[in-house]
Colleague: 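Below is one structure. I have some questions about it.
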2 protein chains.
Amino acid sequence: MKNRELKKVGLKTTQPRARILQLLESNTDRHFSAEDVYRCLLENEEDVGLATVYRVLTQFEAAGLVTRHHFEGGKLAVFELDQGVHHDHLMCLNCGKIFEFSDELIEERQKIIAEQLGFDITDHALYLYGKCRKENCEHLK
Amino acid sequence: MKNRELKKVGLKTTQPRARILQLLESNTDRHFSAEDVYRCLLENEEDVGLATVYRVLTQFEAAGLVTRHHFEGGKLAVFELDQGVHHDHLMCLNCGKIFEFSDELIEERQKIIAEQLGFDITDHALYLYGKCRKENCEHLK
DNA sequence: ATCAATGCAAAAACTTTGCACTGAT
DNA sequence: ATCAGTGCAAAGTTTTTGCATTGAT
């Protein structure tokens with residue numbers, strides 16, 4: 001079923017790859033570590049080796065299917081499906097929740113800055129860290 | 001000599017801490033991994049344990065003396081001295097060089113976005129990745 | 001049938017921790 | 001003299017790799 005997407009980026013359709021892509025596609029709001037993916041698949045009785053999860057996520061990244069992040073504080077890398085539209089991240093340091101946003105002005109400004117410095121931008125990432133003022137913000141232990 | 005700065009942030013002045021601070025202060029343009037710091041000190045005949053380097057850098061970070069970064073691609077954390085003025089980073093994916101910049105408009109915009117989303121920002125980081133068009137850009141092997 | 005992809009276990013890479021000793025006040 | 005800080009070695013985490021086996025075309 002994930003046949004098309006995988007072929008498109010030049011990856012042979014295998015069970016692990018299809019399952020991981022499926023998982024990411026049905027949780028576009030989440031940011032998965034390799035462990036997360038591994039455990040989610042296990043829970044679904046879809047056994048995949050952890051090494052394979054790492055390999056597949058790295059391949060997906062190289063293929064432009066996913067983006068890898070290193071959030072402040074976290075030691076693991078986390079991945080999310082790339083859905084065509086770039087977005088940035090805002091993370092609550094209390095509850096760990098991640099919010100996504102995008103801003104045309106900032107994007108424009110980045111291009112101008114890169115141009116001035118003589119750079120061809122291939123990639124960029126903006127992370128805001130703070131505390132959400134929501135009453136439902138559960139503090140991390 | 002690094003007495004004052006360390007005391008100010010509530011850290012007892014010890015040889016390892018003074019040496020590491022000294023190293024960072026005389027290389028404000030560099031981004032050091034713990035290993036980098038360790039090796040630089042060894043080369044200067046200033047023996048310090050690697051574990052201590054990690055501990056001190058973490059303390060410096062907590063004290064607001066340094067900032068920790070996880071650049072794209074790199075697996076190690078790197079540190080740089082915090083010099084009061086916030087700045088962002090632009091990294092060349094060819095030669096690895098890091099350029100610093102800061103932009104008032106982007107800063108403003110971030111505040112507005114955070115406000116709209118009901119966040120109190122404590123921290124932020126913007127990374128641009130690309131290729132510098134300089135003729136002296138040495139490609140990574 | 002072929003060759004890439006997988007799973008496992010082992011290794012590597014990076015960072016943290018325990019503990020006895022050293023050093024700053 | 002005291003107690004925080006250090007160094008070393010050991011352990012922890014996260015990620016990668018080697019190799020025999022499995023699976024997709």
Colleague: Does a donor on one side chain and an acceptor on the other come within less than 3.5 Å for A/Glu72 and B/His69?
Modeller: no
Colleague: With a 4.5 Å cut-off on side-chain heavy-atom distances among I, L, V, M, F, W and Y, is there a chain of contacts connecting A/Phe99 to B/Leu126?
Modeller: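 Both belong to a single hydrophobic cluster.
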Colleague: For B/Leu41 and D/dG7, give me the distance from atom CG to atom P, rounded to whole Å.
Modeller: 10 Å
Colleague: Assuming nearest nucleotide by heavy-atom distance, tell me which of A/Thr52 and B/Val48 is located more 5' along DNA chain D.
Modeller: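 Its nearest nucleotide being more 5', the pick is B/Val48.
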Colleague: Quick check for you: to the nearest 0.5 Å, what is the distance between A/Tyr127 atom OH and A/Ile98 atom CD1?
Modeller: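 Going from OH on A/Tyr127 over to CD1 on A/Ile98, the span is 9.5 Å.
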Colleague: Between A/Glu25 and A/Lys2, is there a side-chain N and carboxylate O pair less than 4.0 Å apart?
Modeller: yes
Colleague: For the atom pair CD (A/Glu80) and OG1 (A/Thr28), what is the distance rounded to the nearest 0.5 Å?
Modeller: 9.0 Å
Colleague: Got a list of protein N/O to nucleotides 19-21 of chain C N/O distances below 3.5 Å?
Modeller:
none

Colleague: Generate the contact string for nucleotides 9-15 of chain C. Rules: B means base contact, S means sugar-phosphate contact only, - means no protein heavy atom under 4.0 Å.
Modeller: B----SB
Colleague: For A/Tyr54, check side chain to side chain contact (heavy atoms under 4.5 Å, CB included) against everything at least two apart and list the hits.
Modeller: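 Expected list: A/Ala34, A/Leu50.
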Colleague: For DNA chain C, determine which residues of residues 58-65 of chain A have any heavy atom closer than 4.0 angstrom to one of its atoms, and list them numerically.
Modeller: none
Colleague: Output a table of donor-acceptor pairs, distance under 3.5 Å, between side-chain atoms of residues 114-125 of chain A and any protein atom two or more places apart or on a different chain; print 'none' if there are none.
Modeller:
residue  : atom : partner  : partner atom : Å
A/Glu115 : OE2  : B/Arg133 : NH2          : 3.2
A/Asp120 : OD1  : B/Arg133 : NH1          : 2.5
A/Thr122 : OG1  : B/Tyr129 : O            : 3.3
A/His124 : NE2  : A/His86  : NE2          : 3.0
A/His124 : NE2  : A/Glu107 : OE1          : 2.9
A/His124 : NE2  : A/Glu107 : OE2          : 3.3
A/His124 : NE2  : A/Gln110 : OE1          : 3.3

Colleague: Tell me whether A/Lys8 is salt-bridged to A/Glu5, with the criterion being a basic N under 4.0 Å from an acidic carboxylate O.
Modeller: no
Colleague: Might you work through the ring-ring contact (aromatic ring centres under 6.0 Å, His included) test for B/Phe71 and A/His70, ending with a clear yes or no?
Modeller: CA-CA 8 Å; B/Phe71 289 111; A/His70 270 102; over 10 Å; no
Colleague: Where the side chain of A/Asp103 meets the backbone of A/Ile106, is there a donor-acceptor pair that is under 3.5 Å apart?
Modeller: yes
Colleague: Are A/Phe79 and A/Phe60 side-chain neighbours, meaning at least one heavy-atom pair lies under 4.5 Å?
Modeller: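 Heavy-atom side-chain distance check fails, nothing below 4.5 Å.
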Colleague: Ignoring hydrogens and angles, tell me if any N or O in the side chain of B/Ser26 forms a donor-acceptor pair with the backbone of B/Gln22 under 3.5 Å.
Modeller: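 Yes: the side chain of B/Ser26 pairs with the backbone of B/Gln22.
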Colleague: Could you go over nucleotides 22-25 of chain C and give all protein N or O partners under 3.5 Å, atom names and distances?
Modeller:
none

Colleague: Specify the separation, in whole Å, of atom CZ of A/Arg19 and atom P of D/dG23.
Modeller: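 Computing the A/Arg19:CZ to D/dG23:P distance gives 11 Å.
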Colleague: Quick one: CG on A/Leu81 to OG1 on A/Thr67, what's the gap to the nearest 0.5 Å?
Modeller: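 That separation rounds to 8.5 Å.
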